[in-house]
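In what follows, chains carry the letters A, B, and so on, assigned in the order in which the sequence lines appear, proteins first and then strands, with residues in each chain numbered from 1. Nothing here was measured: the structure is a model prediction, and the numbers come from that model.
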Amino acid sequence: MKRVYIENLGEHVGEVAELRGWLYHKRSSGKVRFLVMRDGTGLLQGVMVKGGVSDEVFERFDALTQESSFSMTGKVKKDDRAPGGFELEVSDVNVIAIAEEYPITPKEHGIEFLADRRHLWLRSSRQHAIMRVRHRIIKAIRDFFDGRGFTLMDSPILTPAACEGTSTLFETDYFDLGKAYLTQSGQLYAEAGAMALGKVYCFGPTFRAEKSKTRRHLTEFWMVEPEVAFNDLNDDMELAEDFLEYVVQNVLKDCEKELKVLERNTALLQNVKAPLPRISYDEAVEMLRKKGINFEWGNDLGGTDETVISEQFDRPVMVHRYPAQVKAFYMKRDPQNANLALAVDVLAPEGYGEIIGGSQREDDLQALLDRIKEHNLPQEAFEWYLDLRRFGSVPHAGFGLGVERTVSWICGLEHIRETIPFPRMIYRNTP
RNA sequence: UCCGCGAUAGCUCAAUGGUAGAGCAUGCGGCUGUUAACCGCAGGGUUGUAGGUUCGAGUCCUACUCGCGGAGCCA
């Protein structure tokens with residue numbers, strides 16, 4: 001007996017196969033009974049006709065409840081009436097475990113109810129599709145950098161001090177050394193990596209203790225951060241647009257089925273190809289004012305500002321050269337205008353906001369010392385970082401991409417909480 | 001932290017201040033091609049918590065708890 005997965009059924013038409021999975025739902029019209037199985041790779045409808053199987057097997061149908069685990073054996077047929085396009089002419093059914101009354105029915109549920117049962121919610125087709133897209137995005141991210149000679153060099157999660165000195169961090173006791181903090185970015189460590197290995201990226205979870213309560217925020221999220229020695233801001237933007245093209249086009253190619261489940265209109269995603277439009281912060285401000293928004297030069301772009309700007313384009317847009325005062329201390333100033341930082345944010349279309357933030361880094365020791373002083377940061381905590389400028393400093397640049405916001409955008413979701421298996425938010429850390 | 005909205009059956013929601021309802025789910029019965037199947041019957045309620053107004057409160061008032069959305073901050 002051949003045990004097969006539903007996604008491979010096309011290779012087994014006409015054969016007798018065994019499938020193992022869970023009952024998605026069942027229907028009966030008396031002597032014809034339908035069992036819809038899910039096995040993690042797809043859905044398959046099994047059909048039993050009274051008289052076509054033994055009475056004993058026929059009656060096992062009665063015991064099966066939603067999400068009971070079971071196996072079924074039968075001949076694989078192509079049938080357009082069945083979900084998935086294939087059907088199993090069932091000859092045997094074996095119960096593995098009968099499920100208790102399953103709380104998540106095919107009808108609609110409220111978000112709190114589902115979030116409390118996230119461990120079960122993941123079994124539903126929509127969540128299944130999102131997790132598959134998330135996986136494909138992460139694979140594309142790694143393939144892209146690996147294929148360009150980058151080395152994955154992870155940064156620590158427990159850190160002695162704030163990386164950027166701004167956000168609120170999660171704090172924990174660290175033996176006799178006092179406090180440690182959960183990282184908000186691996187970037188500073190990635191810079192050390194770039195000086196050692198040339199092209200590196202780090203990819204791990206990051207943590208923000210800010211009490212952000214919006215559809216775009218998690219307290220724990222994943223970020224990939226490439227860092228490249230000898231790159232300037234322009235190189236950084238070219239890397240970012242090639243990267244986004246690679247990720248989006250690979251997901252479109254390999255996740256057609258999942259995006260269909262999600263009812264994602266992929267027209268705009270098809271447009272994600274380098275080069276992406278680039279505008280300066282100054283141009284962005286002008287754009288906002290033309291739209292009647294009273295925006296003061298020098299402020300950071302808010303959520304609604306980002307949406308208004310991104311609506312002017314049919315693909316992600318790169319906004320570069322922000323006022324230095326709203327950006328982090330390590331960003332290099334524009335030699336043409338010392339009020340500007342050589343920073344770039346990539347704004348996703350359709351109101352999904354900032355998915356990438358990057359910059360050319362300050363490579364001058366004295367300038368960096370001044371910045372640390374201006375931002376009231378403890379210099380001793382950054383001595384190792386300053387060493388990178390003392391020992392063969394070079395221009396370098398990098399960026400960070402928020403994985404969950406990218407998943408949210410590509411899947412076309414309403415809320416970021418569905419993009420990660422077990423979301424951590426300000427009022428939820430379970431299950 | 002601030003602003004707004006909400007909480008009624010297992011779930012999703014109804015119910016002019018006047019007897020607590022429906023669909024789904026569950027149980028039982030029926031049906032030889034169903035697609036969130038369909039048809040019939042049945043069980044299922046301290047209306048988030050604590051007070052108050054009233055002859056009478058799911059409904060009006062106050063406080064609290066929890067949730068949702070947004071702002072700020074950010075990926």
ask   = Do the charged groups of A:Arg216 and A:Glu354 touch, with an N to O distance under 4.0 Å?
value = no
inquiry  = Check this for me: does any side-chain nitrogen of one of A:Arg405 and A:Glu306 sit under 4.0 Å from a carboxylate oxygen of the other?
reply    = no
ask   = Does the ring of A:Phe113 carry A:Arg117 above it, NZ/CZ under 6.0 angstrom from centre and within 45° of its axis?
value = yes
query = In whole Å, what is the span from the CG atom of A:Asp345 to the P atom of B:C73?
reply = 14 Å
ask   = Hey, is A:Phe221 doing a stacking thing with B:A75, by the 5.5 Å centroid and 30° angle criteria?
value = yes
query = Hey, does A:Gln66 reach any base, or is it just sugar-phosphate, or nothing, if we go heavy atoms under 4.0 Å?
reply = nothing
request  = For B:C41 and B:G52, measure between their P atoms and round to the nearest Å.
outcome  = 44 Å
key: Nucleotide-resolved protein contact map, nucleotides 66-72 of chain B, B/S/- at heavy-atom distance under 4.0 Å   = SSBBBBB
ask   = Taking for each residue the nucleotide of RNA chain B with the nearest heavy atom, is it A:His25 or A:Asp79 whose nucleotide lies nearer the 5' end?
value = A:Asp79
inquiry  = Tell me the interatomic distance from A:Phe113, atom CZ, to B:A25, atom P, rounded to whole angstroms.
reply    = 14 Å
request  = Mind checking A:Ile356 for me? I need base, sugar-phosphate or nothing, with any heavy atom below 4.0 Å counting as a touch.
outcome  = sugar-phosphate
task = Could you say whether A:Thr105 or A:Ile426 is positioned toward the 5' end of RNA chain B, judged by the nucleotide with the nearest heavy atom to each?
result = A:Ile426
inquiry  = Using a 4.0 Å heavy-atom cut-off, does A:Gly110 contact any base of the nucleic acid, only the sugar-phosphate backbone, or nothing at all?
reply    = sugar-phosphate
message = Just the rounded figure in Å: distance from C1' of B:U34 to CG of A:Leu44.
response = 14 Å
query = Do the numbers put A:Lys26 on top of the ring of A:Phe61, so that NZ or CZ is under 6.0 Å from the six-membered ring centre and no more than 45° off the axis?
reply = yes
ask   = What stems involve RNA chain B, if each pair must be Watson-Crick or G-U and both of its distances must be under 3.5 Å, with 3 or more such pairs in a row?
value = B:1-7 with B:65-71, B:10-13 with B:21-24, B:26-30 with B:38-42, B:48-52 with B:60-64
ask   = When you look at A:Leu342 and A:Arg321, which way does the side chain to side chain contact (heavy atoms under 4.5 Å, CB included) test go after all the steps?
value = CA-CA 5 Å; A:Leu342 293 175; A:Arg321 292 180 172 79; 3.9 Å; yes
key: Interatomic distance where CG belongs to A:Asp62 and P belongs to B:U26 [whole Å]   = 13 Å
Whole angstrom value for the distance that separates C1' of B:C11 from CG of A:Leu114 = 10 Å
query = Are the aromatic ring centres of A:Phe399 and A:Phe243 under 6.0 angstrom apart?
reply = yes
query = With a non-hydrogen cut-off below 4.0 angstrom, is A:Glu87 in contact with a base, only sugar-phosphate, or nothing?
reply = base
query = Which part of the nucleic acid, if any, lies within contact of A:Ser28, taking any heavy atom under 4.0 Å across all strands shown: a base, the sugar-phosphate backbone alone, or nothing?
reply = base
key: Cation-pi, A:Trp121 ring and A:Arg118 (6.0 angstrom, 45 degrees)   = yes
Donor-acceptor contacts, no H, no angles, side chain residues 291-299 of chain A, under 3.5 Å, sequence neighbours left out:
residue: A:Trp297; atom: NE1; partner: A:Asp282; partner atom: OD1; Å: 2.7

task = Could you label the plane-to-plane angle of the A:Phe144 and A:Tyr246 rings as parallel, tilted or perpendicular, counting under 30° as parallel and over 60° as perpendicular?
result = tilted
key: Same-atom distance (P) from B:G23 to B:A42, integer angstrom   = 12 Å
